Protein chains: 8
Amino acid sequence: MTDLLTKLLSDIRDGNVDVEEGLQCLRDLPFMDLGHTKFDLHRSLRTGFPEVVYGEGKTPEQIGEIFDKMGKHTNILATRVSPEKAEYVQSVCAEAKYNTLGRTLSLVKKPISYNKGEVAIITAGTSDISVAEEALETCEMFGSHAKIISDVGVAGIHRLLDRLSAIRQARILIVIAGMEGALASVIGGLVSQPIIAVPTSVGYGASFSGLSALLGMLTSCASGVTVVNIDNGFGAACAACKINNIL
Amino acid sequence: MTDLLTKLLSDIRDGNVDVEEGLQCLRDLPFMDLGHTKFDLHRSLRTGFPEVVYGEGKTPEQIGEIFDKMGKHTNILATRVSPEKAEYVQSVCAEAKYNTLGRTLSLVKKPISYNKGEVAIITAGTSDISVAEEALETCEMFGSHAKIISDVGVAGIHRLLDRLSAIRQARILIVIAGMEGALASVIGGLVSQPIIAVPTSVGYGASFSGLSALLGMLTSCASGVTVVNIDNGFGAACAACKINNIL
Amino acid sequence: MTDLLTKLLSDIRDGNVDVEEGLQCLRDLPFMDLGHTKFDLHRSLRTGFPEVVYGEGKTPEQIGEIFDKMGKHTNILATRVSPEKAEYVQSVCAEAKYNTLGRTLSLVKKPISYNKGEVAIITAGTSDISVAEEALETCEMFGSHAKIISDVGVAGIHRLLDRLSAIRQARILIVIAGMEGALASVIGGLVSQPIIAVPTSVGYGASFSGLSALLGMLTSCASGVTVVNIDNGFGAACAACKINNIL
Amino acid sequence: MTDLLTKLLSDIRDGNVDVEEGLQCLRDLPFMDLGHTKFDLHRSLRTGFPEVVYGEGKTPEQIGEIFDKMGKHTNILATRVSPEKAEYVQSVCAEAKYNTLGRTLSLVKKPISYNKGEVAIITAGTSDISVAEEALETCEMFGSHAKIISDVGVAGIHRLLDRLSAIRQARILIVIAGMEGALASVIGGLVSQPIIAVPTSVGYGASFSGLSALLGMLTSCASGVTVVNIDNGFGAACAACKINNIL
Amino acid sequence: MTDLLTKLLSDIRDGNVDVEEGLQCLRDLPFMDLGHTKFDLHRSLRTGFPEVVYGEGKTPEQIGEIFDKMGKHTNILATRVSPEKAEYVQSVCAEAKYNTLGRTLSLVKKPISYNKGEVAIITAGTSDISVAEEALETCEMFGSHAKIISDVGVAGIHRLLDRLSAIRQARILIVIAGMEGALASVIGGLVSQPIIAVPTSVGYGASFSGLSALLGMLTSCASGVTVVNIDNGFGAACAACKINNIL
Amino acid sequence: MTDLLTKLLSDIRDGNVDVEEGLQCLRDLPFMDLGHTKFDLHRSLRTGFPEVVYGEGKTPEQIGEIFDKMGKHTNILATRVSPEKAEYVQSVCAEAKYNTLGRTLSLVKKPISYNKGEVAIITAGTSDISVAEEALETCEMFGSHAKIISDVGVAGIHRLLDRLSAIRQARILIVIAGMEGALASVIGGLVSQPIIAVPTSVGYGASFSGLSALLGMLTSCASGVTVVNIDNGFGAACAACKINNIL
Amino acid sequence: MTDLLTKLLSDIRDGNVDVEEGLQCLRDLPFMDLGHTKFDLHRSLRTGFPEVVYGEGKTPEQIGEIFDKMGKHTNILATRVSPEKAEYVQSVCAEAKYNTLGRTLSLVKKPISYNKGEVAIITAGTSDISVAEEALETCEMFGSHAKIISDVGVAGIHRLLDRLSAIRQARILIVIAGMEGALASVIGGLVSQPIIAVPTSVGYGASFSGLSALLGMLTSCASGVTVVNIDNGFGAACAACKINNIL
Amino acid sequence: MTDLLTKLLSDIRDGNVDVEEGLQCLRDLPFMDLGHTKFDLHRSLRTGFPEVVYGEGKTPEQIGEIFDKMGKHTNILATRVSPEKAEYVQSVCAEAKYNTLGRTLSLVKKPISYNKGEVAIITAGTSDISVAEEALETCEMFGSHAKIISDVGVAGIHRLLDRLSAIRQARILIVIAGMEGALASVIGGLVSQPIIAVPTSVGYGASFSGLSALLGMLTSCASGVTVVNIDNGFGAACAACKINNIL
């Protein structure tokens with residue numbers, strides 16, 4: 001964008017574009033081009049961050065077209081993509097990689113530049129793995145290396161304590177748990193890193209599709225735990241990468 | 001009751017009471033007297049268990065009258081008694097003892113016979129102590145020795161691990177926690193005793209007056225945790241004593 | 001574990017391991033191995049208790065592999081297994097037995113040692129039978145004999161009263177009911193054993209998938225009733241067996 | 001109305017009113033005047049039924065004025081009247097009688113004609129008595145004799161069974177219970193009369209101010225139980241009296 | 001029962017049974033045998049009322065067996081029977097009649113004796129017809145003639161007013177409405193008969209599967225409206241028939 | 001109606017109909033015919049407004065019959081029509097046009113007269129387009145021209161600001177958003193037109209099928225935003241057209 | 001804005017501002033300074049609309065200061081002002097007028113210019129009058145004449161029908177009702193004006209502080225009813241005045 | 001801890017402690033003493049972080065004692081302290097400073113070392129200021145400088161845009177809003193810093209004590225927004241400071 005603006009202003013200075021034209025040009029450019037590069041319209045172009053596509057409710061064809069057209073210039077991450085949709089997209093964009101567990105499609109056309117800090121993605125049970133994989137793919141596409149530490153639920157506290165040093169090596173933690181969501185509280189009492197908690201819809205009955213874990217995480221007795229929407233591995237990874245980006 | 005029935009039947013056998021009269025007598029006896037001592041109408045008389053009075057919504061005078069009249073024959077436990085009510089009751093029944101934190105009034109006229117096993121009442125935070133004291137008083141009145149292990153919330157897991165041997169010595173555990181209620185899950189993974197979890201209304205916002213802890217305990221990832229109503233220290237103690245009574 | 005520690009300390013005493021090495025050794029041992037046999041990592045191996053597999057969300061292949069591999073050494077109980085999954089598992093592990101109503105798979109490789117007390121599993125209606133069967137299988141696998149007393153809902157109180165003596169013979173009661181869940185209250189007023197109540201999702205409309213029964217059981221006017229999650233026959237049986245184990 | 005219409009049409013026929021005027025006339029007549037005296041505007045004047053005043057949110061002066069003015073011609077029942085308001089009203093209308101427990105004020109100026117059938121108002125606990133008294137006063141003012149049978153909650157089923165014959169003598173039953181509201185189901189299974197269930201806000205925690213009892217009664221396993229709003233003793237009595245009126 | 005007791009007491013008097021034996025005998029008699037034949041065990045056999053089968057969650061074979069076996073002696077009504085199940089049942093019990101809209105199966109082997117009063121079943125919209133038909137079939141099987149007055153929702157108040165005289169002819173009203181459930185309030189203000197309101201799950205979004213209509217009916221500004229569970233046409237009809245039965 | 005009444009009254013005046021007959025006639029006419037043309041029974045006939053059919057829960061045949069029969073005289077709009085149903089209806093009424101995204105069927109037999117003002121239908125995301133299309137079709141059928149301005153969600157506020165002048169040209173705004181529904185608040189602060197907000201069920205987890213957006217819109221910090229039911233594009237358009245009609 | 005941009009571009013063309021500077025300039029301009037006076041910062045000054053103060057949670061002194069300072073230049077409306085606060089404000093700003101029922105304070109310094117159309121504010125019961133008065137004051141301050149038509153709840157439909165012509169004379173309707181909120185549906189079926197429905201928190205038990213009325217109004221069977229927050233008379237009036245303003 | 005272990009192992013090697021004793025010793029050592037100084041028992045002593053006291057539910061005397069005793073060695077922050085309690089605490093600990101709006105008491109005995117980055121605390125309305133002040137005090141006590149940017153709610157988007165550069169200068173953002181909580185979404189779309197959203201209980205009716213804002217923030221359309229409990233300014237500040245601490 002800065003380049004575009006620089007060129008336009010230079011053209012005006014040089015008389016290649018007259019004021020009236022320049023005015024029109026500024027108007028016709030997408031609004032954000034009026035100087036609001038700060039609005040990060042084309043974040044992916046400037047930052048190497050991918051375009052993100054929410055696959056739910058989109059047809060295979062729609063997702064395929066996005067990968068086909070935009071995937072020439074930029075990295076793309078699509079979340080909540082069913083295997084059937086993924087298969088179609090890969091038929092039109094062979095480079096797109098599908099994470100079956102995380103249900104993500106990712107396409108890397110421009111090298112991703114990684115931050116130093118690592119994100120640890122910690123899950124309470126094996127059933128939370130789908131959300132963890134979505135978070136993992138998102139972190140990697142957004143420039144943060146990530147690792148999954150799974151199945152350390154609080155009902156077997158020793159398994160968690162056993163992995164503490166691996167957890168402590170990470171810069172930021174994403175804690176994923178269903179049912180009562182207690183894992184966030186326990187880890188919050190053991191480490192000092194920022195913790196982003198993700199309630200999952202794993203469970204039945206009084207787990208009310210994740211409500212129980214959500215409330216549990218929001219009322220965590222460990223100070224400073226923050227929470228994202230139920231099953232929102234993508235959002236947690238976004239938050240983690242934003243934190244990892246600050247300097 | 002058995003005595004009453006034995007006497008009645010003997011009277012019939014001996015002709016002191018004729019069949020018609022006996023029939024009427026069996027009918028007129030309070031229903032429970034027909035042989036349903038198993039219905040435990042006068043449990044406290046037979047078992048040494050106290051009469052229990054739920055103080056909420058009763059006037060000081062009403063509670064006072066119960067202590068005054070029934071307290072000559074039996075032990076009495078009153079729960080949810082405000083200090084003002086307690087003061088009045090003690091003015092008419094000087095022997096009644098008031099537990100300020102637990103808001104219970106207890107009167108012991110007949111010696112309580114205690115079971116062997118001890119009940120450990122474990123609380124997550126200092127704010128849960130009121131519920132714990134209610135449970136303690138109830139246990140003691142129902143024939144189970146109990147001890148409180150407080151402030152071992154999961155956000156400082158070490159404090160909990162530090163008290164594990166004391167916890168393991170007990171026969172039955174009552175775990176009391178507000179907020180996310182995670183303590184029940186963590187203890188459930190560490191010990192093998194029966195655990196009765198009590199959610200408390202401690203907290204604000206998304207704790208929704210104990211709903212969050214309640215849901216968390218119901219969906220605990222630790223198998224075999226059972227739950228009672230929010231703030232129901234009395235009910236948890238009842239359940240613990242019933243367990244302690246079985247042989 | 002005790003053996004391991006004994007050997008290590010003996011080696012240090014005997015000079016086979018020096019202090020520095022010993023220190024490292026204690027550190028390097030898996031955390032749990034530092035003396036935390038009390039954490040019951042391999043409970044099933046030591047106690048004869050089965051490994052438990054939650055079948056929901058696992059593929060037939062995953063369950064099959066668990067039965068195939070672990071089933072050589074230990075007993076296994078799998079819950080919430082659909083008929084299709086069960087069929088596959090039985091194709092790789094012929095000894096696994098499927099309870100169609102309870103949707104459980106069980107494999108007994110080591111003889112189960114049973115406690116004396118019996119668990120009575122009482123249901124309000126015929127529709128609660130699936131939860132009851134899950135509880136029954138769990139009890140049997142966890143070392144408690146159990147029996148089902150079905151269809152004694154409170155709308156026909158006589159049927160319940162008719163079964164009272166059978167109910168009173170049991171040591172611990174599991175009461176399973178949907179709709180308003182009143183059965184737990186009524187039984188709680190009739191007997192003195194510990195009662196674990198299981199709300200079920202049977203019903204429609206204002207039963208809100210078991211919420212109505214759950215709330216009803218939590219607010220039961222019968223003191224000392226404890227509650228587990230909706231449809232959680234497994235959890236109720238766990239709690240019952242923990243109670244049956246104490247002494 | 002028919003008269004009015006007859007006259008209008010006759011006037012048109014006779015030329016006293018022309019078509020245009022008649023058209024206007026039909027349009028201009030207040031809608032209700034077109035024949036809707038059947039809409040029971042002044043029910044109390046015609047039927048001996050009282051005017052009913054909902055005291056909540058009205059000032060003592062407002063209630064006093066109603067009693068003062070309307071109380072010359074008709075019977076009045078005011079519900080949800082606090083003692084302070086009642087005192088004021090009685091100062092301006094000495095004949096008004098206050099039911100302290102039921103918080104009702106009633107004024108009988110015209111003799112009430114009673115139906116034959118009796119309404120039995122059955123409560124689970126002593127705390128439900130306020131709602132029961134409101135129902136009782138309402139029944140009496142609406143022309144149905146009523147009696148209260150209290151403290152027969154399901155946790156002591158024998159007390160209920162003991163009162164069965166008294167219950168069976170009534171024509172219609174109002175069953176009042178808080179907590180889990182199971183009493184309606186149990187009675188519904190024992191008798192064949194119409195049952196109107198009133199959930200009460202008695203309880204705490206998971207009783208959620210009566211929600212638990214409300215849901216329990218709505219999902220009652222006893223067929224044919226109908227339900228009114230929480231604590232709505234007045235509404236239940238209205239329904240009972242409507243039933244008692246039919247013939 | 002009285003006979004049983006008389007004989008027992010006589011035997012004691014006569015020395016045929018000694019006191020100890022008599023005591024045991026009173027204890028051992030099944031509770032119900034103490035005189036509770038009044039508990040209406042086999043209501044349908046004695047009253048001509050049908051056995052009722054709740055079809056949801058039962059297999060076609062189970063329902064078929066009930067019709068096949070019991071249908072020789074008594075009338076049967078099955079509710080919530082899908083067309084597939086109905087087809088099977090009719091294949092084993094050709095006399096069973098299926099109401100496609102109401103999803104009921106009914107079998108009449110013994111003549112039904114009808115009460116005088118008619119039940120009017122009033123629906124707000126055409127989508128509520130399924131619940132109305134269930135209520136209709138139930139009324140007819142329980143001995144009350146019934147008629148459906150449909151599509152008189154409050155958004156077209158004139159359609160309702162148009163049917164008022166038909167509504168007023170009935171003895172008891174069942175009012176069925178989804179969405180906001182306002183129909184019960186409006187009718188409650190227009191007529192004096194008992195009204196049983198049935199909220200339906202018709203609607204979307206904020207109707208929350210009938211919750212909106214349920215709450216609306218419970219808080220109806222028309223006094224004396226009673227409510228049953230969402231979509232519970234059967235329950236409303238039961239209540240109506242109980243009312244119609246009283247005399 | 002006026003014609004009918006005029007004729008009737010004239011007939012009475014002229015002696016063609018006598019008073020008794022006239023009286024009967026007024027009685028027999030559908031109630032609304034008594035002068036309540038204002039009740040808008042046949043609004044579509046008089047106003048050119050379409051008959052509206054709610055397609056959910058109706059069979060293809062039912063919808064087809066309505067289009068076939070009524071579609072000869074009046075315009076028809078059917079909402080919530082699945083593609084399968086639409087296909088059938090079009091087979092019997094070829095002129096009916098189907099909007100695939102909005103799931104509406106519309107038939108225009110009489111020319112629609114349009115109001116001057118335009119309705120702008122603004123959506124937060126592409127997933128809200130289905131609701132927007134339903135609103136669009138409804139506006140057009142009810143006599144208001146409408147345009148959709150899509151994908152201007154608040155997370156990219158610039159896109160919204162860019163479209164402000166287009167938004168300001170409209171007379172009435174319909175704002176459609178899922179998730180947190182913030183778009184209504186932001187637009188409400190930017191423009192002065194009436195705003196009707198439509199929460200959508202787009203989202204997952206804590207969006208609770210549109211509840212989150214619904215609550216957000218109801219508590220909007222922008223004064224004067226009004227709200228309709230979740231996904232109710234039709235209702236919003238009705239409200240907009242009612243506003244557009246006044247003058 | 002165009003002027004500002006034109007000048008900037010001309011300066012660049014003319015060399016008065018170089019490209020780098022121009023670039024910075026476009027970046028540094030405060031966004032709002034780019035021409036967004038259209039964002040209606042000082043609406044009240046320009047339009048004669050009052051400043052609005054939400055009195056809840058503000059101290060008497062804070063409200064007093066606003067009236068004192070701003071009240072010299074503009075009209076002010078304060079809502080949710082308790083009598084105590086009002087008394088203080090009037091002590092510092094004698095011209096402020098207090099509506100005791102509506103709990104509003106209003107100060108008119110500049111003449112209000114009124115629109116032609118009238119707003120009818122219709123209430124179901126006398127308890128809704130407070131919300132109605134708030135709406136009335138707001139309408140008058142925002143330039144719409146308004147009238148209250150009270151106590152026309154649906155349980156006495158005739159009272160409503162009686163007032164229909166008065167209702168039809170208004171241009172826009174605000175319908176205020178608690179409990180089941182049915183009034184909006186009934187009026188929606190009778191008239192063609194825009195209707196803004198306000199649920200009120202009047203009621204108890206299952207009215208859940210207005211939730212019942214809110215849901216009822218959102219799911220109204222009358223098309224085109226829009227809804228504002230519970231008790232939000234102010235918001236409804238804002239919406240009505242926005243509608244009344246369009247031309 | 002390492003010292004302790006070293007000494008124990010040396011003692012064993014040297015024969016001062018035999019193997020059996022050593023084994024017992026390892027078992028008996030409080031778990032935490034086994035090397036878990038990393039568990040941050042006395043975080044405040046080591047890090048300069050304050051002890052935190054949750055003032056709700058504590059007596060003035062309890063808080064006073066904490067300040068009196070611990071305040072000699074460490075910094076203390078107390079939250080949710082009423083003015084009355086604060087007054088008492090200041091009477092025993094004159095150095096404690098009270099923030100009236102934020103209801104916090106803080107005592108600084110050891111100099112706080114500050115991180116470079118600044119936290120911007122942004123509020124939607126003036127009513128959210130109490131939560132903002134709590135967050136501010138917490139940030140300052142935890143070593144992060146903070147500033148409040150208030151009253152930039154989305155209904156006046158220009159005010160927000162006006163403050164964008166001030167917002168962009170901060171390293172981490174805390175966004176505080178009640179009602180619909182839309183501010184987090186809008187800011188999330190404008191800036192790239194980590195955002196912690198705090199819903200507040202400001203509002204009435206459908207804001208349901210903050211639930212509306214909570215759900216809105218959890219479902220924010222801006223990716224990467226994380227959320228804490230309602231009114232939890234303290235928790236948000238904790239999270240922000242944890243982020244600010246990483247490097």
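Every chain is numbered from 1, with letters handed out A, B, ... down the list of sequences. What you see is a predicted model; the values in this text were computed from it and never measured.
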Backbone N/O of A:Ala206 and side chain of B:Thr219: donor-acceptor pair under 3.5 Å: no
Side chains of B:Leu161 and A:Leu161 in contact at under 4.5 Å (non-hydrogen atoms): yes
A:Met217 side, atom CE; B:Ser212 side, atom OG - distance, nearest 0.5 Å: 11.0 Å
Greater than 12 external heavy atoms within 6.0 Å of B:Glu87's CD: no
Interatomic distance, A:Ile157 atom CD1 to B:Ile157 atom CD1 [nearest 0.5 angstrom]: 4.0 Å
Crowding at CD, A:Glu56 (>12 non-hydrogen neighbours, <6.0 Å): yes
Pick from A:Gly178, A:Ala184, A:Ala155 with the largest number of heavy-atom pairs that fall under 4.5 Å of chain B: A:Ala155
Option that, when pairs with chain A are counted at under 4.5 Å, heavy atom only, ranks first among B:Cys221, B:Ala222, B:Ala177: B:Cys221
Residues B:Val154, A:Val154; criterion side-chain contact (heavy atoms from CB on, under 4.5 Å); working and verdict: CA-CA 10 Å; B:Val154 299; A:Val154 299; over 6 Å; no
Closest-packed option against chain A by number of heavy-atom pairs under 4.5 Å, given B:Gly153, B:Gly203, B:Ser223, B:Ser220: B:Ser220
